[in-house]
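When a residue number appears, it is its place in the shown sequence, counting from 1.
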Amino acid sequence: MNGTADHDPPAGSGAPSGLPGPVAFQLVLLRRMADHHPGLVEDALRTLRVSRADLREANRRWQARMHVPRARGGVQPYRALLGTPESVTARRIGDLTCEALAWPVPLWPDLRFEVLTGTRGAVWNAWLVRAPGSTAPDLRTTEDLRPWSCTVDEVARAFAPARPMEGSAPTRWRLSCTAPGPDGTPQEIVPEFTWGLYQRLTGPAPAAPADHDGLTPLP
C-alpha cells in the first residue's frame, strides 16, 4: 500500500475538492490498476473528466483515511465516499453470516463494488463483482481473458478447480488454475486481479514476494 499518510483524518468525505465521492472512489480503484494498464486508466480518466493530479489526490486521501489509527474503520470509509449502498443483503459463508453491501460503479455499469462485513462491521472483503442480472463473459480459453472483462469469481468458476494465491498488495488477488489455450491445449496459468477485476495473465510459477506495494511511482 502507498505509505503516504496525513497526521489527521481527512475532513469531509475525503474526496478531492470539487469531486463527488463516487468519482473519487473510482479514482482509488484506478490508481491500483494503473501499474498494469496505464492506457485503459488514461481512457477512464478522460471518461470521468478528471486529471492524473485528481487521481493522485484521491488516492492520497484514501490512504490517509485508511491508515490513521484513530480514523473510523470498517465499512465507514466506503460509505463516506459511496453513500448509501444500492443493496444490503445477508449472506451465509460456511457457518458464518455476513452482510454484503453493494454500490454501482459508473465506469463499469455491469459491475458493483461489494463489501462483505462481519461482526461489528469488520470488513472481510471488498472488490468488484458482477451486477445482478448482468451477463457474465463466456470464458472458454485463455484468449477470452481480456483486461477488465471478468471478475475473480467468474474466472474461478470457468476454470475450476482454481487455487487462491496471495497477491502483491492487499487489493490484489491471484488464482492458480488450468485453462485451454487458443489451440485447446491445457495451460497452467496465474490470472491476476486488482480490486477483484481481471488485469493480466502470468505463468504458473508464483511471483517472488514483494518488499513494497508493487506500485510504479506516478509523475
Novice: Find the distance between CZ (Arg91) and OG1 (Thr97) and round it off to the nearest 0.5 Å.
Specialist: 12.0 Å

Novice: Check for a donor-acceptor pair, side chain of Thr151 on one end and backbone N or O of Gly196 on the other, with a separation under 3.5 Å.
Specialist: no

Novice: I need the full list of ring pair (Phe, Tyr, Trp, His ring centres under 6.0 Å) pairs touching residues 126-147, with sequence neighbours left out, sorted by first then second residue.
Specialist: Trp127-Trp173

Novice: Measuring from Leu145:CG to Ile189:CD1, what's the distance to the nearest 0.5 Å?
Specialist: 5.5 Å

Novice: Establish whether Leu107 and Leu29 are linked, either directly or via other cluster members, by ILVMFWY side-chain heavy-atom contacts under 4.5 Å.
Specialist: yes

Novice: Which residues pass the side-chain hydrogen bond (donor to acceptor under 3.5 Å, both in side chains) test with Arg130, sequence neighbours left out?
Specialist: Glu154

Novice: Count I, L, V, M, F, W, Y as connected when their side-chain heavy atoms are under 4.5 Å apart, and connections chain through other members. Are Val88 and Val105 then in the same cluster?
Specialist: yes

Novice: Can you tell me how far OG1 of Thr141 sits from CZ of Phe159, rounded to the nearest 0.5 angstrom?
Specialist: 6.5 Å

Novice: Mind checking what makes side-chain hydrogen bond (donor to acceptor under 3.5 Å, both in side chains) contact with Trp148, not counting sequence neighbours?
Specialist: Gln199

Novice: Can you tell if the side chain of Leu30 reaches within under 4.5 Å of the side chain of Asn59, non-hydrogen atoms only?
Specialist: no

Novice: In chain order, what residues pass the salt bridge (Lys or Arg N to Asp or Glu O under 4.0 Å) check against Asp110, with sequence neighbours excluded?
Specialist: none

Novice: Is the shortest heavy-atom distance from the side chain of Leu101 to the side chain of Arg79 under 4.5 Å?
Specialist: yes

Novice: With a 6.0 Å cut-off on ring centres, are Phe113 and Trp108 close enough?
Specialist: no

Novice: For Ser149, enumerate each residue passing the side chain to side chain contact (heavy atoms under 4.5 Å, CB included) test, keeping only those at least two apart in sequence or located in another chain.
Specialist: Arg146

Novice: Is there a side-chain contact between Asp35 and Arg172 in this structure, where contact means two heavy atoms from C-beta onward sitting under 4.5 Å apart?
Specialist: yes

Novice: Give me each pair satisfying salt bridge (charged side-chain N to carboxylate O under 4.0 Å, His left out) with a member in residues 95-109, each pair once, sequence neighbours excluded.
Specialist: none

Novice: Under the side chain to side chain contact (heavy atoms under 4.5 Å, CB included) test, which residues partner Ala53, sequence neighbours left out?
Specialist: Ser51, Arg56

Novice: For Glu86, check side-chain hydrogen bond (donor to acceptor under 3.5 Å, both in side chains) against everything at least two apart and list the hits.
Specialist: Arg112

Novice: Kindly indicate whether the side chain of Cys177, heavy atoms from C-beta on, has any atom under 4.5 Å from the side chain of Pro191.
Specialist: yes

Novice: Among the clusters formed by ILVMFWY side chains lying less than 4.5 Å apart, do Met66 and Trp103 turn up in the same one?
Specialist: yes

Novice: Can you list everything that forms a side chain to side chain contact (heavy atoms under 4.5 Å, CB included) with Ser87? Sequence neighbours excluded, please.
Specialist: Ala102

Novice: Indicate, with yes or no, if Leu116 and Trp195 share a hydrophobic cluster defined by side-chain heavy-atom contacts under 4.5 Å among Ile, Leu, Val, Met, Phe, Trp and Tyr.
Specialist: no

Novice: Under the side chain to side chain contact (heavy atoms under 4.5 Å, CB included) test, which residues partner Pro182, sequence neighbours left out?
Specialist: Thr142, Glu143, Gln187

Novice: Would you check if Tyr78 and Val123 make a side-chain contact, meaning some heavy-atom pair closer than 4.5 Å?
Specialist: yes

Novice: From the options Met33, His37, Arg31, Arg200, select the one residue that forms a side-chain contact (heavy atoms from CB on, under 4.5 Å) with Thr194.
Specialist: Met33

Novice: I need the Arg61 CZ to Leu81 CG distance, nearest 0.5 Å.
Specialist: 10.0 Å

Novice: Identify, with sequence neighbours excluded, every residue that meets salt bridge (Lys or Arg N to Asp or Glu O under 4.0 Å) alongside Asp144.
Specialist: none

Novice: Compare every heavy atom of Trp62 with every heavy atom of Pro77, then report the nearest pair and how far apart it is.
Specialist: O-CZ3, 3.6 Å

Novice: State which residues pass side-chain hydrogen bond (donor to acceptor under 3.5 Å, both in side chains) with Thr185; sequence neighbours excluded, sorted by chain then number.
Specialist: Asp183

